[in-house]
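Worksheet: the structure to be examined is printed underneath.
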Amino acid sequence: MSITMASYTTIIKLIVFSFVILLLSSCALKAIPSQYTPVKDGFENVELDKLGNGKVLIYNGADILHKMDNTARLNIWIDNNSLGQLKASEYVIIDLREGNYNFKVQHLDMVNIRSNHKVEIDSKIKVIKIKPTITSNKLEIINELPQNFNKFSYTNKI
């Protein structure tokens, strides 16, 4: 049995079509509603000195590769309460009392990529950077604003 040129072309078209559908659907991480109230008053111009003592800035520090293929969106839960979705270069400021928290982070690449991070919040915690990686998600307490923070936007969807 031999494959004709027409059936070979049809198979190639089917593979390409399937790949395109997979690629388009892989970037469709649905946003989750937030159960947190963001801090708004006094944060029109974010200053590091105003953060801390429970006021924590959380931002999505996705790199250029995740921004290009639209896999930078992060759904975040804190102790099973949804914080919502942060897109690349977005941030939110929330009140967190001192204590231990479990951050669950999800982003969608070809598959759902989830990670869990234990974080101890005290009065000195000001800034948390979360970003997707190729195989997981990374959470860092950095207590400083990113260099290009003027290009970040405060999310109003949380």
Side-chain angles (χ1 to χ4, degrees), residues 15-40 43 46-158:
I15 291 171
V16 168
F17 178 74
S18 299
F19 182 72
V20 168
I21 293 298
L22 180 65
L23 203 77
L24 291 175
S25 66
S26 71
C27 304
L29 182 65
K30 294 191 192 277
I32 56 173
S34 180
Q35 295 173 304
Y36 285 86
T37 303
V39 175
K40 293 182 181 175
F43 284 100
V46 176
E47 296 175 19
L48 206 53
D49 297 345
K50 292 182 180 179
L51 298 171
N53 294 316
K55 301 227 182 314
V56 180
L57 183 143
I58 301 169
Y59 75 92
N60 183 338
D63 59 26
I64 189 73
L65 295 176
H66 287 284
K67 290 178 185 178
M68 284 185 348
D69 69 0
N70 202 21
T71 58
R73 296 177 188 178
L74 298 172
N75 283 346
I76 304 169
W77 293 264
I78 303 172
D79 287 343
N80 295 320
N81 295 315
S82 67
L83 176 62
Q85 185 176 90
L86 287 178
K87 296 178 185 169
S89 301
E90 280 189 339
Y91 69 93
V92 66
I93 300 170
I94 60 171
D95 282 316
L96 287 176
R97 288 189 234 147
E98 291 188 20
N100 294 312
Y101 294 90
N102 183 42
F103 281 65
K104 178 180 159 191
V105 182
Q106 173 191 14
H107 85 272
L108 185 62
D109 210 319
M110 290 296 188
V111 296
N112 278 318
I113 298 177
R114 295 182 180 99
S115 61
N116 289 299
H117 309 269
K118 303 249 184 252
V119 177
E120 183 178 347
I121 300 294
D122 62 27
S123 62
K124 297 175 186 171
I125 303 297
K126 297 179 178 191
V127 180
I128 296 175
K129 172 184 176 181
I130 305 176
K131 70 178 198 170
T133 66
I134 292 175
T135 58
S136 187
N137 302 292
K138 186 175 183 180
L139 184 146
E140 295 177 276
I141 297 171
I142 59 170
N143 286 338
E144 59 185 41
L145 300 175
Q147 290 179 349
N148 58 346
F149 191 69
N150 59 329
K151 295 181 181 177
F152 280 64
S153 61
Y154 191 83
T155 184
N156 56 5
K157 295 178 182 163
I158 287 187

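Just so you know, these numbers come straight off a predicted model, no measurement behind them.
Judged by distance alone, the side chain of Ser82 and the main-chain N or O of Gly84 form no donor-acceptor pair under 3.5 Å. Side-chain N or O atoms of Ser89 include none that pairs as donor or acceptor with a backbone N or O of Phe152 at under 3.5 Å. For Asp109 (side chain) and Asn112 (main-chain N/O), no donor-acceptor pair under 3.5 Å exists by modelled atom type. Listed for the Asp79 side chain is a donor-acceptor partner under 3.5 Å among the backbone atoms of Asn102.
Within a 6.0 Å radius of NZ in Lys67, more than 12 heavy atoms belonging to other residues, nucleotides or ligands are found.
Taking the six-membered ring for Trp and the full ring otherwise, the centers of Tyr59 and Phe149 sit at least 6.0 Å from each other.
Note that CZ of Arg73 is 5.5 Å distant from CD of Gln85, once rounded to the nearest 0.5 Å. With rounding to the nearest 0.5 Å, the separation of CD in Glu90 from OH in Tyr154 is 11.0 Å. Atom CD1 of residue Ile130 and atom OH of residue Tyr91 lie 15.5 Å apart, to the nearest 0.5 angstrom.
Between Leu96 and Ile94, the closest side-chain pair of non-hydrogen atoms falls below 4.5 Å. Between Leu48 and Val127, some side-chain heavy-atom pair lies under the 4.5 Å cut-off.
Side-chain contact of Asn137 with His107: a donor-acceptor pair under 3.5 Å is present, judged by distance alone.
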